[in-house]
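Below you'll find the structure, written out as structure tokens, and then a few comments.
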Amino acid sequence: MYNLLKGKKGIIFGALDESSIAWKTAERVHEEGGVFVLTNAPASIRLGNITALAEKTNSQVIPADATSVADLENLVEQAMVILGGKIDFVLHSIGMSVNVRKGNHYTNQNYEFTEKGWNVSAVSFHKVMQVLYKKDAMNEWGSIVALSYMAAQRVFPDYNDMADNKAFLESIARSFGYFFGRDKKVRVNTISQSPTETRAGTGVKGFGGFIAFADKMSPLGNATAEDCANYAITLFSDLTKKVTLQNLLHDGGFSNMGVSQEVMEMFE
Ligand code: NAI
């Protein structure tokens, strides 16, 4: 370990169970000397086992529905009290589509579900940043990261309305990132991650084929949740101070491939 986050304080959203990208990131932040508050929606706290992670990392859990500005205000205020000062890093690792959950095809959406999905998956990121910004809760040279997927740019039919939610999320990162950079010297980026076996990931129809295909197409193979956690650490560290407004592809090379030999062989 490198002590890359020694003295840094943060908030980590979205650790549901051991497979969550946020869970792995919290473990790595802890190893690197960072301290943090964990948060998730109240229902997810009941469903998962975040308290085990809290014990392991000496952190406290503050429930917050990321679509509720009141919850987020309470979270940020409490986090600053618990951690003893302003925040250096934030991980937004939240995504959910009701249309995906209910098996509604992209061409047959229930728009109430669509709205709920973009509120949870994208607008919540704006809300998190607006609360942090208004409360002046971030330290200078702080870092805010959200997780995205390449369906924001390219067609993956079964990713459904999450593709649109991710495009929305990435746009919010750029738009808010401008003001956060200019006014507070805080950077905002998204990590566009390989398909990963988590609760959210495996909820996508045809996930098994999808993850295997991506793996065979990528010269380095899929990036795992642990790999993603390591990448997030670098973005929270002082080694990446001038990286902002970026959608950072973390995918073993998948995004620049046309076709790989392994995939070609399946058709020969
Ligand atoms: P996960 O299911 O472990 O995490 C999703 C989290 O969102 C859960 O902890 C859940 O409680 C939280 N959440 C849902 N509604 C919420 C609300 N209203 N308020 C607060 N939290 C809420 O799955 P995973 O894969 O770790 O997901 C994390 C992020 O990574 C998501 O943004 C996801 O879209 C993204 N991602 C995942 C990929 C994958 O294949 N698993 C690939 C690329 C990006």
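Order of listing sets the numbers, starting from 1, for every ligand and every atom in it. Side-chain atoms are counted along with the backbone in the values below, which use heavy atoms only and exclude waters and symmetry mates.
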- Message: Any nitrogen or oxygen of Tyr149 lying under 3.5 Å from a nitrogen or oxygen in ligand 1? Just yes or no.
- Response: no

Which residue from [options] reaches closest to [atom] through any of its heavy atoms?
| atom | options | result |
| --- | --- | --- |
| atom 6 (C) of ligand 1 | Pro42, Ala200, Ser93, Ala43 | Ser93 |
| atom 11 (O) of ligand 1 | Gly203, Ser44, Gly117, Ser97 | Ser44 |
| atom 10 (C) of ligand 1 | Leu47, Asn40, Leu16 | Asn40 |

Ligand-side contact atoms (ligand 1) for residue partner [X], heavy atom cut-off under 4.0 Å:
| X | result |
| --- | --- |
| Gln193 | 42 (C), 43 (C) |
| Asp65 | 17 (C), 18 (N), 19 (N) |
| Ser194 | 42 (C) |
| Ala41 | 17 (C), 19 (N), 20 (C), 21 (N) |
| Gly201 | 39 (C), 40 (O), 41 (N) |
| Arg199 | 2 (O) |
| Gly14 | 4 (O), 6 (C), 8 (C), 9 (O) |
| Pro195 | 40 (O) |

Where's the contact between [X] and ligand 1, heavy-atom distance under 4.0 Å: side chain, backbone, both or neither?
| X | answer |
| --- | --- |
| Ala146 | neither |
| Lys166 | side chain |
| Thr196 | both |
| Ser124 | neither |

In terms of residue, atom name and distance, what is the protein heavy atom nearest to [atom]?
| atom | result |
| --- | --- |
| atom 3 (O) of ligand 1 | Ser20 OG, 2.6 Å |
| atom 19 (N) of ligand 1 | Ala66 N, 2.9 Å |
| atom 30 (O) of ligand 1 | Leu147 CB, 3.4 Å |
| atom 13 (N) of ligand 1 | Ile94 CG2, 3.7 Å |
| atom 44 (C) of ligand 1 | Ser148 O, 3.0 Å |
| atom 24 (P) of ligand 1 | Thr198 OG1, 3.3 Å |
| atom 15 (N) of ligand 1 | Val120 CG1, 3.4 Å |
| atom 26 (O) of ligand 1 | Ile21 N, 2.9 Å |

- Task: Mind telling me whether Phe156 and Phe254 have parallel, tilted or perpendicular rings, with 30° and 60° as the class edges?
- Result: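 Judged by the thresholds at 30° and 60°, the geometry between Phe254 and Phe156 is tilted.
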
- Distance flag, aromatic centroids of Phe125 and Phe176, threshold under 6.0 Å: no

What closest approach, in Å, do [X] and [Y] show between heavy atoms, and which atom pair accounts for it?
| X | Y | answer |
| --- | --- | --- |
| Ala26 | Leu38 | CB-CD2, 4.1 Å |
| Tyr106 | Asp161 | CD1-N, 3.8 Å |
| Gly95 | Met162 | CA-CE, 4.2 Å |

- Task: Test the Lys184-Tyr133 pair against the cation-pi criterion, namely NZ or CZ under 6.0 angstrom from the six-membered ring centroid and within 45° of the ring axis.
- Result: yes

